[in-house]
Structure formats: C-alpha cells, structure tokens
Amino acid sequence: MQDDVILNISNLSKSFGPVKALRGIDFELRKGEIHAIAGENGAGKSTLMNVIDGILQPDSGQIILDGASVKITSPTKAQRLGIGFVHQEIALCPDVSVAENIFMAKTNVSRSWLMDYRKLEREAIDVFKQLSDIDPSVLVKSLSISNQQLVEIAKALTLDCRILILDEPTAALTEAEAQTLFAIMRRLADQGISIIYISHRMVEIFDNCDRVSVFRDGQHIVTQNVKDVGPSDVVNAMVGRVIDELYPEKQRAEARSDEAILEVRNLSDAKRFHDVSFALKRGEILGIAGLIGAGRSEIVKGICQLEGSVSGDVLLNGTPLKLKNYQDSIANGIVYLSEDRKGDGVFLDLPIAANISALKLEQVANGMGLIQSGAEMAQADALGRKLNLKCGSLSDPVSSLSGGNQQKVALAKLLSVNPRLIFLDEPTRGVDVGAKSEIHRILRDLAHDGVGIVVISSELPELIGVCDRVLVVREGRISGQVAGDAMTEENIMHLASVMDADAAVA
Amino acid sequence: MDSTANLAGEGTVSAEAAPFYKRLLRMRETGLIVIILGLFFIMSFASPYFLTWANMRAMSMAFAVDGILVVGMTILLISGGIDLSVGSVTALAMVIAGWLFLSGIDPWVASGISIALCTGIGAFMGFFVTRIGLHHFIVSLAVMVIARGACLLFTGGRPLGLYTLPPEFKFIGQGTIGPIPIVIVIFLVFVIAFDFMLRRTTMFRKVFYTGSNEKAAAYSGIRTKKVIFLTTTLCSTLCGVAGIIYMARFGSAQPTFGLGLELTIIAAAVIGGASLNGGSGSILGAILGVILLSLVSSSLALLDVSVYWQDIIRGSILLAAVTIDHYLNKRRA
Amino acid sequence: MDSTANLAGEGTVSAEAAPFYKRLLRMRETGLIVIILGLFFIMSFASPYFLTWANMRAMSMAFAVDGILVVGMTILLISGGIDLSVGSVTALAMVIAGWLFLSGIDPWVASGISIALCTGIGAFMGFFVTRIGLHHFIVSLAVMVIARGACLLFTGGRPLGLYTLPPEFKFIGQGTIGPIPIVIVIFLVFVIAFDFMLRRTTMFRKVFYTGSNEKAAAYSGIRTKKVIFLTTTLCSTLCGVAGIIYMARFGSAQPTFGLGLELTIIAAAVIGGASLNGGSGSILGAILGVILLSLVSSSLALLDVSVYWQDIIRGSILLAAVTIDHYLNKRRA
Amino acid sequence: EGIMCEPGETYIMNVMVSGHPYWVPVYQGFKQAAEAFGCETVFSGTPDYDITKQIASFEQDMVKSPAGVLLHPMQSDPFIEPINRAIGNGTEIVTFAADSPKSNRTAYITSDNHAEAKFAAEEIVKQVGDSAEYAVLENPGQSNHDLRVTSLIAYMEANYPNMKLVGRQATNQDSNAAYRATSSIIQANPEVAAIWIPEAGSAEGAVAAKLEAGSDILIMHADVTPTTLEHIRAGNIHMSLNPNQGVQGFMGFMAVHMANRSEIFDPFNDWKTSGFNPVQIPFVDNGFAVITQDNADSFDLNVYMDGRDAS
Ligand SMILES: Nc1ncnc2c1ncn2[C@@H]1O[C@H](COP(=O)(O)OP(=O)(O)OP(=O)(O)O)[C@@H](O)[C@H]1O
Ligand SMILES: Nc1ncnc2c1ncn2[C@@H]1O[C@H](COP(=O)(O)OP(=O)(O)OP(=O)(O)O)[C@@H](O)[C@H]1O
Ligand SMILES: [Mg+2]
Ligand SMILES: [Mg+2]
C-alpha cells in the first residue's frame, strides 16, 4: 500500500505577509487514485496546488515525489516532473488560437524549429472530440468563459503527466460537460495517472473520487475513503459545524402571487436569442438552465442593456422600461452579476472596500461627493460579514483573495445597492458549501421581501434546490419550463438538449 | 501592492488606527521622499550654494509649471490613457494666446480662448479614442505633430515677442506674494486640489475603476467612455493652463517650446507610481517624480558637472532611484 | 480580430482552404496596403516624378534602415515590452564604431564590437526588467539618456568624420547590386527572415504567448523572463546593426543622430498592428507602417508643400490612415 | 590690480544644448582671453533644448555671484528679467549668437547672418548663373538658421529675379530627413542647380542624396562637421560658411570683462546720469570664414582640439 504513494507533502507552510495560507500541511497522493480536496473558501487548497506546480515557493516543509525530496522551482520544472495543472482562474493567451493554447506546453518543449499549424489543429480537433465542438482555429478571446474553461481542461489533458491537478474545473461547466470530464478522469486514473480534484460540489466528489481530504484554515483535517463517509461528514469537517439544510425552504403555495415583477415579451437580438418571453412573479426565484452557449447570459445581459441591441418589451412592476444602457438599469434597481469574475466582475488591483462600493459610490459619499472612507469600510465590513468573506484587511487588493472569496466580493457589490431585480449568472461559482447556503438564504430572503431574483446556474442541483421555477434555454430560445415536482435533472436536461415543449407545470 | 496606494492613504481601517509614522511608512510615496531627501542631504554638502533661498527658488520655478502638466498626465494614465501631445499642445497654447494678443485682443480673453482651444483638442483626441476606438498613443502622436505644425503656422517659426503684455498679466508668471512666486502658489493650489479630489471624490474614483478594469467598470454602471473622454480633455486643458502661465512668465511664445517634454512628464508620473496599464497612480507621487527629475538636473548644473558627463549621470540616477524605490516598496509590501 | 494577423497567412485551416484573394482580404495588413496604394495612386497623378525609378529608390533608401529598427521594436512590443532608447542606442553604435575605427581598429572589427556593445545594453535593460522588475518604459528611458550622454562623451559632441572608411566597408551603405542598393537588400533580408521566423518558428511563437498572457505562458512552462530578456536584447542588437549601416551610408557618426526616432519607430509598429499591451503584431504590418510614414514625408517634399503646413498635413494623414485602417479591419471582422 | 583679474574672479559662459560642438571653439576663445587676464572661466548651461532649464541654470550661476556671464539666451524676452536682476546684483551680462535686446546686457556678439546669406547668394549666382533653379533646406524655429534662409531668399528676389526657388524643406538638422528631402527635390526638379543649407547636419544628408542621385547640384551650407569638410575636400560640397566662433568667444570675454572694469572708462555721454554701464557695445560682428577645397585643412575641429581642454 505504502508503495504506491506517488506524492507526499509533509509539514508544508506558506504565508502571504500576515496571512498564513498553509500551516504545516500533510498530504499524500497514491498512484492511480482520484483524490478530492474539499475546504472552505480560503482554506488554502489553491495555494497548495500552486506550490506543487512550482508557481509559489513554500516557506517550509517538504515535497516528496516518488520517495525523493524535490524542490519544484517553476511550472517548467513541475512539467518535467510530470505534473499537470488546470487552474482555478483561467490562464490562457487571449490573442492566440485555441489550438495553439492547448499545445503551448508542447510547443515549448518541442524540438522542432518550425510550427506545424495544420498538425496542431488536427490534434486539437482530436482532443476536443471528447469534450466539445469548439473550432480550434478561433482566438481564445472570442470564446465565452465556459468554453475557455473547456480549453483550459483540454490543455491539461494533452500533457504527458503522472499527476493531474484539477482546481474547480467544473465551476462554469454544465452537467453534460462535467460528465464527459469525469469519464475522461476515470480513464486516466485507470491508466495509472493520479488526479487531485478540487471542488465544492459534494455530489461530484462522492460520485467520482476515491479518497477525500479536507482542509480548514490552512491545515489538513482528515483524509478518508469516499465510500466510508457521507457528504455531511465532509461538510462537517470543512466548516466545523453541521449544516442541516443545504437549501432554504421554497416559496409556499399560498404565498404565490400573480403580480409580475418582471415581464419580458418577445425579446430578440440580432443573432444570439429570439423571441424570449417570460414573467417573474413576486416572491419567486426564477432559474434559467441550458447548455454551454445556449444564450442564457446573452438574454439576461440583453435585458439589462449590457450588450448588443435588443428588440422587445421589458416591464418592471407593470410599467414598460425604456432602458438605453446599463446605467439606466442600475438607476431602476436592476443589476447583473457577471459570470466572468476576473474579466468584468471585480477590479483585481483595487481594494476590497473600493470594489464593493463601486456600483453606487453616492452611498458612501457625503453631499459634496466626497467619499467617506469610514462609511465605505463600514459597508464592506457589513456585507463581508454577511457573506462570510475571509480576508486579511478590507484595503487589500481583491487579487489577494481566494477564488471563492473574490466571488463573494462581486456579490457584495451587487447587494450593496439594495436592488429591485437581480440577475445572477453563476452566483455561487467557486463558493464553498457553507457560504453557498448562506447566499441561498439571502436570496430567498430578498425574494420574500419582493426583490426579483433570476439565477442562471450550470449546477442543476443548485437550480433545483433554490428556484421555484426553471426556464430552459436552447439555442437562443426558451424551450420550456419546469416547476414543482417536475423540476428534475432529467427533465431539465431533456429540455436543454432535445425536446421542445412545455413540461408539466405543477 | 502598488496599485492600492492611491486609495489606501484614506481608505484602510487599519491605516486609520495606526499611528502617523506607521501610516507614513506604508505610503507608496515614502520611498521617493526618502530618495529626494537623500539627494538634498548630499547636495547640501556638495555645494555651499545649494541650500540658499535663491537656489531653492530657481529650482522650484524650474518644475512648477511642469507640475501642472504632470497632474493631467497622471489622471489620464490612471484612467488607462496616455498623451504624447502635451509638449506641443502647451506650445500651441502659448502661441495662440500670444498671437491673439498681438492681434489686439485682451490678454485675459486671449488666454481664455487659448485654454478653450486646448480643451477642444483634448475633446478631439477623446473623440477618436472613445468613439472611433483608436489607441491613445497613436492619436496623441498625430495630434502632437499637428499641434507643432500649427505652432509653426501661427508664428512662421519665429518666437512671438510679448513684451507688451500688461504687467498685471505678467504678474501671474513673474510676480510674487511676499517671497513666494505666484507660479509656485498656482502650482501648489493645483496639486493640492487635484490630489484631494483624486483621493476623495466619487467623480475621480471612477477614473480608478475605469483604468483598473474598463469592462468591470462598465459592468458597475460607470460610463467608462465618458470618463476616458473627460480625462483626455482635462489633460489637454491643463496643457492650456500651463502654456498661459509659461507665456506670462517668459513674456514670449516660442513655437518650439516643450520638444520632448512628453517623455519627461510621463516619466515623472511613472516614477511617482502611476501605472502605464492604468488603475493606479497618485498626484503626490507624480509631483515627487517631477521634483526628483528637476532636482537632479539642477544639481548637475549647480555642481558644474561637465556636459559630457551630465546625461550619463542623470540617466544613472534615474535608474538608481526607480530601483531603490522599487525595493523600498517591495520590502514594505 | 486584429491579432490574428500573425497567423492568418499561415495558420488557420479555414484560411488555407479559402482562395487567395479571400485570404488576402482577411489579412490584418490589407487595410494598410490599400491605404498605401491609394497614396501611390494619388501621388502618381500629383507629380510626374513620383513613379520614376530614381524616386522609388530614394524613397526606399529613406526607410530601409529604420525598417530594421522597427523589426526589433515590433518583436519587443509583441512580447509586451517597449524601448525608448532605440534612437540613442543607434547613435551610440555609430559613435562607438566610428571612434574605434578612428583609433586605428579595423572597421569590421569595430562594427562587431559596437554591435556587441549594443547587445550588452539590451541585456542590461533586460536585466533591470526581468530581474529587478522595473517597467520597460522607465528603464529604456534612463538608457536613452545614458546612451545619448555616452555619445557626447565619446565625441565631445562633435560628429566624427569617417571619410577614410575603406570603400569595401562603405559599400554596405552606399553600394548596389545591379540597380538595387545593398541597404535595400539587407533590409529585405532582415524583414523576410524575421517575418518568417515570427510566423513559423516555435521559438518566436513563445514571444506571442508571453506577450499575450505572461502568466499563462509561464504556467505552460515557458521561461517568460528569458523570452522578454531576449526580445529586449534583440531590439538593441538591431539598433547596433542599423547604426553600423547608417555609419557606412553617411560616412560619419553623429552624436545627435536619431533624436525622437523612438516615437516614429513605435508609431510605425503600432500602425502596423502591434499592440502596446503585447501579444499581437506583425513584421509585415510594421514595415508597411514605416513605409506609410516615410511615403507621406517623401511625398510632401516632392510636392514642395510649405514647411509651415507639412506637419499639420502629416499628422492629419497619420490620423486619417489609422482611422481608415481601423474601419477596414472592423468591417472585415 | 587694474585690468587683471583678482584671485577667484570667475566668468561664466552659459548656453543651451551645451553638448553641441558649436560652443567648443567659442569657449576656447573665451578661455584664451580669460587666461590673458588671469581670470577663471566656467562652461555652464543646460544640455537640453529647454528654456525653463536654461533659465534655471542661469539663475543657479547667479547664486555663485560671478563677475560676468557670456550668455547665449535661447529666447530673447524670457531672459529680460533674469538678466536685469543679475546686472542689478553686480554681474555683467553680454549676449552672443542670440540676443535679448530689451534687457540691459552691455554687448551683443554675433555672426551677421544677413552677410552670410548675401555672400552665399552671390556665390551661387556666380557659380550657376543668375537665372537658375535653387532650393533651400531649413530649420524653422531656430532664429539664426531661419535668418540665413529667409535672408537669402529675400536677397535673391530683390537682386536676381530670374533665380527660381523650387524647393523649401524643413529638415531640422536631421541627416536622414535631409536625405529624404534632398532626394525628393532632386527628383521633382531635374534642373535644380544649387541648394543652400543653413547648417551642417542636414548638409551631410543632402550630400548623400546628391551622390546617390548622381546629380551635380551645387551644395552650399553654413557651419561645418568633419564629414562635410571631407566632402568639401572631395568637391562634393562647393563651400561652407563658418562663423568665426573663436572671435565670438574672445570678443565676448573682452566685452563682459571690460564691462566689469568700466571704472577705467569715462566716455563722452550720459552714462553717469543714466546709470548705464559705460561699456555699451550694441553689436559686434565676429565675421565668418569661407571653407573651400583649398583651405579645408585648417578647419578640422578634432585637429584643433587635440591637446586642448574642452571644458
Ligand atoms: N497572492 C496572495 N496574497 C495574499 N494572500 C493570498 C494570496 N493568495 C492567496 N492568499 C490567501 O491565502 C489564503 C488561501 O487561499 P487559497 O486561494 O489557497 O484558498 P482556496 O482554498 O483555494 O479557496 P477557494 O475555494 O475560494 O478557491 C486565503 O486567505 C487568501 O486570501
Ligand atoms: N463576445 C462574443 N463574441 C462572439 N460570440 C459570443 C460572444 N459571447 C458569447 N458568444 C456566443 O454566443 C452564444 C451564447 O453565449 P452565452 O454566453 O449567452 O451562453 P450561456 O448560455 O450563458 O452559456 P455559458 O455562459 O455557459 O457559455 C455562444 O455560442 C457563445 O459562444
Ligand atoms: Mg482556490
Ligand atoms: Mg453564460
């Protein structure tokens, strides 16, 4: 048994200034296993992976690979040692084609002098056959964030590695792509490749992994065989308390209202969606499901006047809106949480507090337009507490936060303005179980208070758990909706991929 | 960490709790202040003339008006832009105002028209950047050439002698309040006002958002194009103001004024912590940058260093200063 | 779509399937070619001397050596850097080689030493950028000042007369092969070689990766610091080469050569599609940029446009050209 | 004692673009005169083409209370106030090569650019006849270069109406720009017979264009560099008019030193009541030399500077 330990981390520590991200971590990985790592946001999961990949250098501790102590000084070195890494934050070259991005590492070590673009594209198509149908000759910057995520995965799959690290690869993927990925992972594991799999989705861990390690506050808590434990044990170890109800209680039948907060009629834009009509009732949380590229984000951005020019009518509380741009939307209390956190969700270089106040600076300013730093801090502090934000200081830049905590900053920004209608595109992307259920509770409370909530999510259990009704979008049209007991993964997947009819409404 | 500098001074909970000297140590600008004080210390030993009032006055007069230009440039850099036309637009401001004055127009009115024209030039550049979608670099380069051409056209290439400017007009460039030259007073007013506004007002905070991540700013409901348009325009307007002050100071308008000035101004802003990628910078830092550059030039002149060595020494000090500053900041962060 | 330029010709499957004229239409450079042809068309009507062999030859000589500089600058820009020192390093190359020659060293050896020295300067800048972590802008600005100072130091500010250079050395600057000047031949060799390498070799593809997203490139195992170090060094080395050719051509070494040249070179690269944020650009485009700028200047001279109007016209054409190019690219995308 | 300097009595020569070789022989003349009187000299100014910096350096010179300054003011009017203040504080000021006429400076030493232009015009007509095409390169914004050109054109128009100006290009001392401009002029005007260039940097580019085009255009220029000197020797450049820089510096020193010793002089005028320095010299022409194939050997600055100290 001991023999097939391929990677052994012992007593490893790493600090960022005053923040102790890892404190004496121990961790072992066996040959051919899929090893899940779970932990709250900021527990130090990504930091450990960055150390293993040579991106960060540990302050102390040892990395033992195949029984020998190694110093991994750079990703180049890690690659040579057979370590492949899918990053939590997408790191691709936007000005370069998909094919070249995928084979960047290969190109780097290639002994050939000349590029063979045709070969690259052929091989890229081969890789994608398993995953998706992205055209390998397009530039990465023209892809949506979820497709970029797929490219990032494809990139790691082409590496000749013995250890493959996947840091929340499914955060922006839908069920279908995720399942493809799991199949690939299993096959690789069978070939003897060891996989470290980081995720906040318990289902994925329990369906696909062999062992699970739990981290908390930069420490290793426990490692167990998946089959010996249940999700609640893991959650328990993660947050140090029992989370009894993952999802808040839904809208009760008698609370249902016919009053529409939002009504959308025949919304179309030039190419991405057509004839979209739906209504959001008072007190309900409406979900939007669909496959990657179905056009969910586009529809919502269209309503908010964020992108493109749309035709059709939008009514808020019965009055038609004449929105010309997103500023109008915000003025009307309509806000949008972007799915691309790093690209357009947060200001990475600016302080956390300044990020949270960005949507409506007037709230933290006095009558003369002077920003009151006290008020700004207080606002950030209050919202940060509410969302369980883990940070050193509120004046640190957002770039110093863990992925999930960055997501909380983005969310705090929206909540800061007391909106009347919120569109959330992948709201809990990368957020840990505890904070996630807190966010769901907040959404439910807001809905109860009459705020319109529309959630787009690729995580079907989340949609089913939190929404009262789910619209399904396929190829830019609403292909149906499900509610009540009809709200099952099967029904939604069905609508998203083939059938075009109204499913039963309870 | 660089980029938090601008907001940190005011913002952080911890900073407000910390004692004054600790806050000072954490400031982005402290490194520069240390370097400048170091040079002061060395110079006061190297030359008996250095710490005289006359020398201090001469040295401050040498950077005061450039200081106004660097304010505009810093704000533009923070918003993610850049302006290569500052030198020639400043010259054009002098030339137009001088030309109008010589055509019989009241110098104050002429100055107003000239500054308005500079604002127009800025708006012109802003239009090409925000509406057409060209890069600031190339637009301002074209405008730099055009404005220089316009200077030649209005003067026939010869400096305009404006000796007849009324004394109350020249006063803004040559007068003093007590022992303090008016130019220095104007400089201080601009610097303090813009430093305060940039740190504190919601209006200028949007400049930081826009420069830090234009898309995220747009997704936060900020009219980023408008912000960029305005910072571009402001920079040119300040060129107009600087041109008028120079005209009053020199009593002439020189078509070749400010050749290569753009690089000095950008360098000063960058030394002071402004990022060429936008999103960070501070007026105080940029002014310290101008002071540093000017101090080095003045010191070399005062010490009668051979001209054949001056550039080498100047460049080396510049490089050494930014390196030291970089390390001081890194240590603190 | 801008940034596909680099691949378009060679890379995309779809492009290879499409007929030639369609591929041409899709190229980033087509807009510039159209604009240049347009100017050619207008000029051949405006002046009967325009389309003469002698005029074409003179026009090409005027941009050939700058073309070598723009190759280095473009590659550096693609990697995410910038170099303000090209003008003074080119001058320094002339001055050092000339000075060594006048001290009795064989001109070929002197040139070799001088080019090696420029490489050293590039390595020096690369060190400060990659090891210390300073920005290209500020490092190259300091080096620009230092190199200019070194020019003064080596010449006492006086141009070096190198009339006694042996004829076989002058040949590289003044000779012809058949009707074609050697300078043009050298220029073409550099351009074609680097254009090919940048499009096709794995080595230079890493430059694109590094400039497009340094972090992503580093995660893929590319030694991005090394790449940046090398592109910085290459740019200075090519300054050395250009300096030697200029020396052979003019038979003199002027310490003041190339003042302000950096802006022209950067502008040419940017007009040709290089991004100031790194990650995109092409040699062909940059060369077209140099040709465009040079063509405008030559045409204005040929038409004997009043000097007081020339700058205004030149700047306006530059602005118009980039605007048209921008629209042509947008339409196609 | 008397006309000789006291120990430590220092005279400063202040210029802009102080690395420019033009100042080198001027300063030699200045220094030679100073040595004759046992005075000390300093070469000062700014390496930049920047009025603000030159004024700052001038004012910093004043901090040292020198006996006198030989000043090349980059612009006339901005220096009025600093010059007058310096004189008020007991430092005598003399200008050279560029003037500040409205100030109280006591003397102005310069080349007569009109005389140079007139000489050049006459020489061109002598060589190519009085009904030919000619061209000029110029450097708008620099007054002495500007005068050399405008004055030549005016002289031609007034005296030789059949001389036709066919090209007028700004090249700003940049040899590559001058190459381009001259090439174009030669292409556009096959008949062009002569070109007048107000400085030497552009002449280097112009002669390269001439040689490449195989043209026999007559090149005349002002100032000289080693390269243009060689081309004069080789006959590629017809001649160059070079201001007597040495005289400029020598007489400049004399003027400022004499102004400082004005107590030895009591002229027949109102100086006592007006309060002006009695040693007032409105204008000294330092003259110019004509460099041709025959005398070129005497104009090699590097040979001249051999064994001399530039600063
Ligand atoms: N560059 C940095 N500078 C300062 N602090 C950092 C930096 N990177 C990470 N941290 C801190 O280290 C801690 C661990 O972060 P890490 O990214 O490893 O968390 P994580 O477990 O991956 O969380 P998530 O689930 O949200 O991705 C966090 O408190 C984070 O704020
Ligand atoms: N900037 C863009 N340029 C070109 N096509 C785009 C752009 N953004 C999105 N698309 C395309 O528009 C379609 C709809 O994208 P959208 O982002 O709305 O899908 P989605 O349903 O939100 O799925 P996901 O966000 O999971 O990719 C997709 O085919 C996508 O590739
Ligand atoms: Mg993480
Ligand atoms: Mg989406």
Side-chain angles (χ1 to χ4, degrees), chain B residues 82 84-85 88 124-125 128 132-157 255 259-260 262-264 266-267 270-271 275-277 289 306-323 325-327 329-330, chain C residues 82 84-85 88 124-125 128 132-157 255 259-260 262-264 266-267 270-271 275-277 289 306-323 325-327 329-330:
Chain B
I82 196 166
L84 298 177
S85 73
S88 33
F124 177 81
M125 292 196 281
F128 273 87
I132 312 273
L134 301 179
H135 196 286
H136 264 108
F137 187 92
I138 204 80
V139 173
S140 64
L141 185 70
V143 167
M144 160 178 146
V145 176
I146 295 173
R148 188 64 71 191
C151 287
L152 282 184
L153 195 63
F154 274 93
T155 60
L259 280 172
E262 58 281 353
L263 288 185
T264 311
I266 297 171
V270 171
I271 294 171
S275 156
L276 291 166
N277 302 319
S306 152
V307 301
Y308 305 115
W309 279 101
Q310 282 200 18
D311 275 347
I312 295 183
I313 296 174
R314 192 152 46 155
S316 308
I317 292 182
L318 170 59
L319 198 56
V322 288
T323 306
D325 183 52
H326 183 79
Y327 274 111
N329 276 316
K330 218 153 100 175
Chain C
I82 196 167
L84 299 176
S85 73
S88 31
F124 177 81
M125 292 195 281
F128 273 88
I132 312 273
L134 301 179
H135 196 287
H136 264 110
F137 186 92
I138 205 81
V139 173
S140 64
L141 185 72
V143 167
M144 161 177 144
V145 176
I146 295 173
R148 189 63 71 190
C151 287
L152 281 184
L153 194 63
F154 274 93
T155 60
L259 281 171
E262 58 282 353
L263 289 185
T264 312
I266 297 171
V270 171
I271 293 171
S275 155
L276 291 164
N277 303 318
S306 151
V307 294
Y308 302 113
W309 280 101
Q310 282 202 11
D311 275 346
I312 295 183
I313 297 174
R314 203 184 345 221
S316 308
I317 292 182
L318 171 58
L319 197 55
V322 289
T323 306
D325 183 52
H326 183 79
Y327 274 110
N329 277 316
K330 219 154 98 177

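A, B, ... follow the sequence lines: proteins, then strands. Residue 1 opens every chain.
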**Prompt:** If you round to the nearest 0.5 Å, how far is CD1 of I146(B) from CG of L318(C)?
**Reply:** 8.0 Å
**Prompt:** Is chain B contacted by the side chain of L263(C), its backbone, both, or neither, given a heavy-atom distance below 4.5 Å?
**Reply:** both
**Prompt:** Out of I266(B), L259(B), D325(B), which one racks up the most heavy-atom pairs below 4.5 Å with chain C?
**Reply:** I266(B)
**Asked** Taking all atoms of both residues into account, what is the closest heavy-atom pair of A142(C) and G315(B), and its distance?
**Response** CB-O, 3.6 Å
**Prompt:** Side chain, backbone, both or neither: which part of Q310(C) has a non-hydrogen atom closer than 4.5 Å to chain B?
**Reply:** neither
**Side chain / backbone / both / neither for I317(C) at chain B, heavy atoms under 4.5 Å** = neither
**Request:** Let me know if I313(B) has heavy atoms under 4.5 Å from chain C in its side chain, its backbone, both or neither.
**Result:** neither
**Item:** Interchain contact, F154(B) with chain C, by part (heavy-atom threshold 4.5 Å)
**Value:** neither
**Asked** So which part of I132(B) gets closer than 4.5 Å to some heavy atom of chain C, the side chain, the backbone, both or neither?
**Response** both
**Prompt:** Once you round to the nearest 0.5 Å, how far does NE2 of H135(C) lie from CG of N277(B)?
**Reply:** 5.5 Å
**Asked** In Å and rounded to the nearest 0.5 Å, what is the CG to OG1 distance from L141(B) to T264(C)?
**Response** 7.5 Å
**Message:** If we ignore hydrogens and angles and just use 3.5 Å, is the side chain of Y308(C) paired with the main-chain N or O of G156(B) as donor and acceptor?
**Reply:** yes
**Prompt:** Roughly how far, to the nearest 0.5 Å, is the CG atom of L153(C) from the OG atom of S306(B)?
**Reply:** 7.5 Å
**Asked** How about L152(C) and W309(B): do any of their side-chain heavy atoms sit closer than 4.5 Å?
**Response** no
**Prompt:** Pick one: which of L319(C), V322(C), T323(C), L276(C) meets side chain to side chain contact (heavy atoms under 4.5 Å, CB included) with I138(B)?
**Reply:** V322(C)
